[in-house]
2 protein chains.
Amino acid sequence: MEDLSPFVENINRKARLSPENMALLTAAFKVVKVKRKQLLIQPGFVAKYRIYVLKGAFHSYVIDDKGNEHTIQFAVEDWWLSDYNSYIHQTPATQFVEALENSIILQVDYQAEQQLKDTNWELATLFRLMAEQTAAYLARRIVSNLTQSAEERYNEFVAKYPQVVQRLPQYALASYLNMTREFLSKIRNDKVRKK
Amino acid sequence: MEDLSPFVENINRKARLSPENMALLTAAFKVVKVKRKQLLIQPGFVAKYRIYVLKGAFHSYVIDDKGNEHTIQFAVEDWWLSDYNSYIHQTPATQFVEALENSIILQVDYQAEQQLKDTNWELATLFRLMAEQTAAYLARRIVSNLTQSAEERYNEFVAKYPQVVQRLPQYALASYLNMTREFLSKIRNDKVRKK
DNA sequence: TATTTTTCTTAAGCTAGTTCATCGCTTTGA
DNA sequence: TCAAAGCGATGAACTAGCTTAAGAAAAATA
């Protein structure tokens, strides 16, 4: 049996739920073990689940016309992810969601989430807060993409998520920060030399 | 008296409200006339309002360390905007929201919106759907920023919003698309020559 | 443990996009 | 109605970041 307390605390930080509703919510999520390199979501298939990472690491990415991979989002312990467009609108995904390590997730399927939202005020509020916070977070990311240079984006990421950086493959981080792996390699190396 | 039917239809496309709730919602929004160049939101002040554009055009932008202006969002008739982070978290704004034309807006203040969401199921659902759709939209924009070249981003924008392009100052569109005004000018000109 | 595959580094040459500067054309405001 | 300011076009010089290529290091797999 997995320890769900990180999940419970994550939820508690967003909204205060009654014990009954916390139990209802928790029951709607299923624990799933995922092997490294396993795909949770693939282009062409509708994203069926909203995913919370209990243990491990994931990234979501798209592959463009030229065959280049672009990481859209990372998630490690206590983070959420999905192909947000596909999940919310229940349309075919455009992104891959892939495990970077052997991982354990909690997932809720779209129907179950709808049912909770349709029948339970506190849980509907929780999901509203999650959507609002997601939108606010994405808005901040757009601003930083529009205003910062490649090096500044890297510095910001390292400052914000110092422990995460080391767990991510550099090529994935590079594409997340909208630069080539080679250029990221150069930035890191220039930094070392300056010291 | 302004004609609010575009607003009503905008809402109806998102959620089916009872006539009473539509009346409640509409009553929470105030009609405000805004002059060209007027600022609705400024850095340092908490964004008090969520804004719907009934008539006119706006853009939101930030000014970076080097003094450069970056347009984050546009809004013309039937679009919504605010400094989303500031509004949702009620923290000081980082963005300007400025009228590009003499405009008429509907605005709801944060307290009023909270009160509606706290007391009314249908309206709480409406705002949840809005947040989900906003997040989905922002996620799409991040993908297109990560995967497309400057010219492709311009083409996409023109294809999506052909009528809007002509009303926007070119320098604002250029910074929205993450390029200089000069480069946008070049792209447009290359296009004309090819024909 | 050896072998294969994937990831990271380095460096040279290149290009998409920027910067700077100049010139008309419009708007704006006194 | 005239001056001032703002906007878009153009071009030359520049640079941040990309491409290509090849080797070194690390990780996965047998």
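Quantities reported herein were computed from a predicted structural model and do not represent experimental measurements.
Within residues 57-70 of chain B, no residue has any heavy atom under 4.0 Å from DNA chain C.
Following rounding to the nearest Å, B:Leu168 (CG) and D:dG8 (P) show an atom-to-atom distance of 10 Å. Distance B:Arg181 CZ to C:dC20 C1': 13 Å, rounded to the nearest Å. Computed from coordinates, the B:Arg188 CZ to D:dG11 C1' distance equals 19 Å when rounded to whole Å. We find that OH of B:Tyr171 is positioned 10 Å from P of D:dG6, with the value rounded to whole Å. When rounded to the nearest whole Å, the span between CG of B:Leu100 and P of D:dG6 equals 16 Å.
Here the rule is side chain to side chain contact (heavy atoms under 4.5 Å, CB included) with B:Met22, and of B:Leu123, B:Leu4, B:Leu126, B:Val8 only B:Val8 fits it.
Of the candidates C:dT9, D:dG8, D:dA9, C:dT9 carries the atom nearest the A:Ser185 side chain, counting heavy atoms from C-beta on. Across C:dT10, C:dT7, D:dG8, the shortest atom-to-atom separation from the side chain of A:Asn189 is found for C:dT10.
For residues 100-119 of chain B, the set of pairs meeting the salt bridge (Lys or Arg N to Asp or Glu O under 4.0 Å) definition, not counting sequence neighbours, comprises A:Glu132-B:Lys117, B:Arg50-B:Glu113, B:Glu101-B:Arg167, B:Glu113-B:Lys117.
In this structure, A:Gln170 reaches the C:dT9 phosphate: one of its side-chain N or O atoms is under 4.0 Å from OP1 or OP2.
For A:Asn120, the side-chain hydrogen bond (donor to acceptor under 3.5 Å, both in side chains) partners are A:Asn21, not counting sequence neighbours. When the side chain to side chain contact (heavy atoms under 4.5 Å, CB included) test is applied to B:Lys66, the partners found at least two apart in sequence or on another chain are B:Asp64, B:Asn68. For the salt bridge (charged side-chain N to carboxylate O under 4.0 Å, His left out) test, residues two or more places apart in sequence or in another chain that qualify with A:Lys33 are A:Glu2. In this view, B:Trp80 and B:Asn10 satisfy the side-chain hydrogen bond (donor to acceptor under 3.5 Å, both in side chains) rule, not counting sequence neighbours. Partners of A:Arg140 under the side-chain hydrogen bond (donor to acceptor under 3.5 Å, both in side chains) rule, at least two apart in sequence or in another chain, are B:Asn85. Remark: B:Glu156 engages no residue in a salt bridge (charged side-chain N to carboxylate O under 4.0 Å, His left out) (not counting sequence neighbours). Qualifying ring-ring contact (aromatic ring centres under 6.0 Å, His included) partners for B:Phe45, counting only residues two or more places apart in sequence or in other chains: none.
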Can you give me the N/O atom pairs linking the protein to nucleotides 24-30 of chain C at distances under 3.5 Å, or say none if there are none?
residue	atom	partner	partner atom	Å
C:dT28	OP1	B:Arg36	NE	3.4
C:dT28	OP1	B:Arg36	NH2	3.4

Expected rows: protein N/O vs nucleotides 15-17 of chain D N/O, under 3.5 Å:
residue	atom	partner	partner atom	Å
D:dG17	OP1	A:Ala150	N	3.2

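End-to-end axis angle of the helix from C:dT1-D:dA30 to C:dA30-D:dT1, from C1' rotation axes over five pairs per end: 60° (rounded to 10 degrees).
For the 3.5 Å distance criterion, the side chains of A:Tyr61 and A:Gln95 fail to qualify, holding no donor opposite an acceptor.
Relative orientation of the A:Phe74 and A:Tyr176 rings is tilted, given thresholds of 30° and 60° on the angle between their planes.
Between B:Arg13 and B:Asp78 there is a salt bridge, since at least one side-chain N of the basic residue sits less than 4.0 Å from a carboxylate O of the acidic one.
In terms of hydrophobic clustering, with Ile, Leu, Val, Met, Phe, Trp and Tyr side chains grouped at heavy-atom distances under 4.5 Å, B:Leu168 and B:Val165 are assigned to a common cluster.
Nearest heavy atom pair, residue A:Val53 against residue A:Ala75, reads CG2-CB, 3.9 Å.
For a distance-only test at 3.5 Å, the side chain of B:Glu182 qualifies as a donor-acceptor partner of the base of C:dC20.
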